[in-house]
Every structure is written in C-alpha cells, then in structure tokens.
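Structure, as structure tokens:
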Amino acid sequence: MGTEFHTTAALLESSPSTGTASAIQTFGNIIVSVVGTGILGLPFAFRIAGWLAGSIGVIVAGIATYYCMLLLVQCRDKQASQEPTQETKTFGDLGYKCLGNAGRFLTEFLIFISQCGGSVAYLVFIGQNLASIFKSHSYPVSSFIFFLVLIEIALSWIGSLSSLASFSIIADICNIIAMAVVVKEEVEKLVSGEFKFSDRIAFTSNIGGLAFAGGMAVFCFGGLGMTLALEGSMKEKQKFPSLLAKAFTGIILVYVSFGFSGYMAYGDQTEDIVTLNLLDNWSTIAVQIGLCLGLVFTFPMMVHPLHEIIEGKLENSEWYQKLCYKNDETLTRNGKFGRYASRAVLIVVLGVLASFVPGFGVFVSLVGSTVCAMISFVLPAIFHLIILGPSLNFWQKAFDYCFLICGSLFACYGTYNTIFGA
C-alpha cells in the first residue's frame with residue numbers, strides 16, 4: 001500500500017500482450033497500486049516541512065512520478081517496435097534490455113528492497129497502533145511486532161492467498177474512515193476557533209526538514225514498478241496516459257487536502273501516524289483495530305512476492321533441487337519443510353528490522369529517499385536515455401538528466417538527513 005504499502009508484486013507480475021481491462025478497472029488498479037496506509041503519515045510530513053512546502057512537495061512528487069511512469073511506457077513501446085518478438089513484461093525486463101544482466105539485477109534488487117521496506121513499514125504501523133490501543137499496559141512497540149511475527153509466519157504457510165484478499169478492502173475502508181475522522185476534527189476545531197491559522201508554519205527554516213518530508217511524499221507515490229503491468233492490462237492502451245493523469249490529479253488533491261487538514265488540526269502535536277492523535281474513545285479504537293486487522297491479513301500478500309523471489313532463487317540451485325525434489329520433480333518432505341522454513345526466516349528478519357525502527361515517519365522517509373527515489377526517478381531516466389537517446393530533442397534529454405542528477409542527489413542527501421537527523 002503505497003511501497004507505499006503495495007500488495008501487488010511489480011517484480012513478478014506479467015502484463016498480457018492483449019489487455020482485457022476496461023478504463024474503469026485500470027483506474028481502480030492505479031488507485032490501489034499507489035494509495036496506501038502511508039497517507040496517514042502525510043500530516044506529519046506537513047508538520048515537518050510546513051503546510052505550503054508540504055503541499056508543493058506532494059504536487060512535485062506526484063507530477064514527477066507521473067512523468068517517469070510515462071517514460072517507462074515510452075521505453076517499452078520503443079523496445080517493442082525494435083524487437084517485436086521479445087515482449088518486455090516487467091521493470092526487470094526493461095533493465096535487462098538497457099544494461100544487460102547488471103540492469104536486471106539492479107532493478108530487481110531495488111524493487112526487492114522496496115518491497116521489504118513496505119513490509120517492515122506494515123509491521124511498524126500495526127505495532128505503533130496496537131501500542132496506542134493498549135498504552136495503559138505500557139508494552140513496548142517491539143513486543144507487539146514480535147507477536148505479529150508469530151501470526152504472520154502462520155499466515156505465510158497458507159497455500160492460497162485468495163481467501164485473504166478481502167481483508168485489503170477492510171484496510172482501505174478503515175483508511176478512508178480514519179481520514180474522514182481527521183478531517184472532521186479539523187473542521188470542528190476550525191469552527192470552534194481552537195487554533196489560529198497563523199500558528200501553523202508555511203515553510204520550515206530547516207532544509208533537512210524539507211528533505212525528510214520529501215522522502216515521505218515520494219514513498220506515498222510508490223507503485224511505479226506496476227506501470228508496465230497496468231498499461232499492458234488495458235484493452236485500449238492509447239488511453240492510458242490520460243487515464244493516469246486523471247488518477248494522479250485526484251490522488252494529489254486527496255494527499256494535499258489530507259496532509260493540510262491533519263496538520264491544521266493538530267499542529268506541532270501531529271504524530272507520525274495521525275491516527276495516534278485521535279481522541280481516545282470507542283470510535284477511534286474501532287478504527288485502529290479495523291486498520292490493524294486489515295493489515296495483519298493483508299501482510300501475507302505484501303511479502304508473497306518476496307517469498308516467490310527467494311524460493312525461485314533456491315529452486316534454481318542444484319543443491320536445493322537434489323535435496324528437495326524427487327526424480328519426477330515432485331516436492332519432497334524436506335522441500336516442503338525448507339519452503340516453510342524460508343518463509344518463517346524471512347518474516348523473523350523483517351520483524352527484527354521493524355523492532356529497531358525508531359518511528360514510522362523516520363522509516364518511511366528513509367525508504368522514500370533511497371530505493372523509492374532510485375526506482376521512481378533515476379532508473380526511468382537512465383532507461384529513457386539509453387533506449388530513446390538518439391531520437392530525443394534537447395529539452396527531453398535535459399529533463400532526463402535533471403531527473404537522473406536530482407534523483408541521485410536527493411537519494412544521497414535524504415538518506416544522510418534521515419539517518420543523522422534533520
């Protein structure tokens with residue numbers, strides 16, 4: 001949901017050569033691929049950067065992501081015209097076409113890390129909300145995370161994930177309810193005169209704060225890895241750019257409105273997950289429990305691509321095939337145990353990482369500043385320059401180099417700033 005915590009497997013999904021999805025279906029898929037629980041951290045980003053700087057940052061991040069998604073489509077179309085017999089289905093395929101095996105490895109490695117980051121963010125988000133619900137017991141967030149690890153290990157052993165898919169809808173509904181409650185509180189405070197607009201800063205004086213908020217904004221626009229699958233699934237592919245523009249316009253408006261409303265409502269007390277600011281009553285607890293339950297059962301879909309990647313690498317090794325497969329290529333008992341064990345180990349590792357995360361906002365900004373910036377801006381610019389370089393005019397090349405340089409600098413500075421503090 002958004003790398004934001006995305007339940008889609010951008011690295012593994014293949015787009016069919018002949019799409020069947022309607023414009024409405026594709027529009028919904030774009031929304032699902034981009035918008036996630038990370039939106040509940042936007043008011044905190046506005047608190048760090050200021051309401052005007054935060055609004056500008058979200059708009060710039062959204063437009064830049066939209067532009068780079070179109071670059072990927074252009075690259076795939078150009079490649080298809082040059083090599084019609086070799087279909088480019090995934091982001092990794094495009095990396096291979098541009099830079100060979102090194103390009104595929106880099107692209108898939110970054111997507112793998114971003115998926116890990118999204119999974120860790122899930123655990124941190126759920127852990128912080130559970131700690132808030134049971135704050136009278138003074139349990140640390142890490143204790144809830146390790147309790148979650150046990151549940152998620154059991155869920156990861158389920159053969160089919162289709163039975164869990166409906167829980168992502170629950171999480172989305174709770175997201176909407178949480179957003180509505182925050183906006184309602186903001187309106188109530190505005191009407192009652194509990195705060196002064198002049199008390200809310202427009203621009204922070206700390207450039208590190210801008211970079212920190214920028215990382216969160218980039219994270220919230222995750223999903224670029226799904227571009228080729230989304231475009232390839234459409235029945236009328238020529239409508240994809242305009243449809244994407246409409247979707248991103250709506251998403252940007254919602255992001256700016258919600259970030260602004262949340263910061264106006266809570267000011268300097270805005271938490272990195274805005275649901276932690278809600279009044280301590282039954283409705284707030286119900287929203288938080290709904291969010292947590294939805295995400296607990298959505299988490300297996302988030303980590304499923306990671307399991308497939310790891311298991312795919314294992315199955316390609318000779319020692320694993322000898323140990324885990326019979327001569328007729330059926331899985332042995334050792335093979336089944338190995339599969340369960342690898343899934344359990346991965347979730348334990350993610351849980352340990354999550355237990356060391358100091359806060360949801362800090363971690364989201366770090367992921368957004370590093371792998372998300374590289375995936376969203378740097379790689380598309382490189383691929384575009386390589387595949388379409390000779391046919392590009394001066395301004396097109398200038399834009400590509402701008403994304404390449406600025407994206408790299410942002411990744412370096414954003415990482416430094418997030419780790420060592422703004």
Side-chain angles (χ1 to χ4, degrees), residues 1-5 7 36-38 40-41 44-45 48 112-157 167 171 174 178 212 215-216 219 269-278 280 284-285 287-304 306-307 310 340-371 415 418-422:
M1 298 175 78
T3 319
E4 239 265 304
F5 310 8
T7 57
T37 311
L40 298 179
F44 181 72
I48 298 297
F112 180 85
I113 296 300
S114 70
Q115 201 78 12
C116 286
S119 301
V120 170
Y122 260 80
L123 295 175
V124 175
F125 183 93
I126 300 171
Q128 285 191 224
N129 274 278
L130 289 177
S132 173
I133 295 172
F134 298 100
K135 57 186 175 184
S136 60
H137 298 280
S138 300
Y139 294 130
V141 174
S142 58
S143 63
F144 291 101
I145 290 175
F146 285 120
F147 175 70
L148 287 170
V149 165
L150 298 177
I151 297 175
E152 299 302 345
I153 288 175
L155 292 176
S156 72
W157 292 342
F167 285 95
C174 291
F212 181 91
M216 295 189 70
F219 182 89
Q269 280 70 52
T270 305
E271 298 281 357
D272 57 353
I273 303 176
V274 75
T275 52
L276 304 180
N277 282 108
L278 298 178
D280 192 9
T284 297
I285 294 175
V287 169
Q288 289 180 303
I289 291 176
L291 271 173
C292 292
L293 282 176
L295 294 178
V296 163
F297 288 98
T298 307
F299 183 86
M301 291 184 285
M302 184 71 186
V303 297
H304 184 69
L306 301 177
H307 292 317
I310 293 173
Y340 291 150
S342 69
R343 295 188 174 195
V345 169
L346 173 64
I347 294 175
V348 169
V349 170
L350 294 175
V352 171
L353 292 174
S355 68
F356 285 101
V357 171
F360 178 77
V362 173
F363 183 75
V364 163
S365 180
L366 177 62
V367 176
S369 299
T370 53
V371 290
T415 303
T418 304
I419 294 175
F420 296 102

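Below, each value reflects all heavy atoms present in this structure, side chains not excepted, and no hydrogens, waters or symmetry copies. The model shown is predicted, which means the values in this text are computed figures rather than measured ones.
For the pair T270/I48, no side-chain contact is recorded, criterion being any heavy-atom separation below 4.5 Å from C-beta on. With contacts defined as side-chain heavy-atom distances shorter than 4.5 Å, the pair L123/F299 qualifies. By the 4.5 Å heavy-atom criterion applied to side chains, F363 and F125 are not counted as neighbours. In this structure, the side chains of V352 and F146 come closer than 4.5 Å at one or more pairs of heavy atoms. With a 4.5 Å cut-off on side-chain heavy atoms, V357 and L353 do not count as touching.
Taking CD1 of I145 as the start and CZ of F356 as the end, the distance is 10.5 Å to the nearest 0.5 Å.
Among residues two or more places apart in sequence or in another chain, the side chain to side chain contact (heavy atoms under 4.5 Å, CB included) test is passed with I310 by F112, L314, L346. For E271, the side chain to side chain contact (heavy atoms under 4.5 Å, CB included) test picks out L276, N277, with sequence neighbours left out. With sequence neighbours left out, the side chain to side chain contact (heavy atoms under 4.5 Å, CB included) criterion links F147 to I151.
Distance alone, capped at 3.5 Å, is enough to place a donor-acceptor pair between the D272 side chain and the F360 backbone. In this structure, the side chain of S132 does not engage the main chain of Q128 through any donor-acceptor pair within 3.5 Å. Remark: side-chain polar atoms of S369 are not paired, donor with acceptor, to backbone N or O of L366 under 3.5 angstrom.
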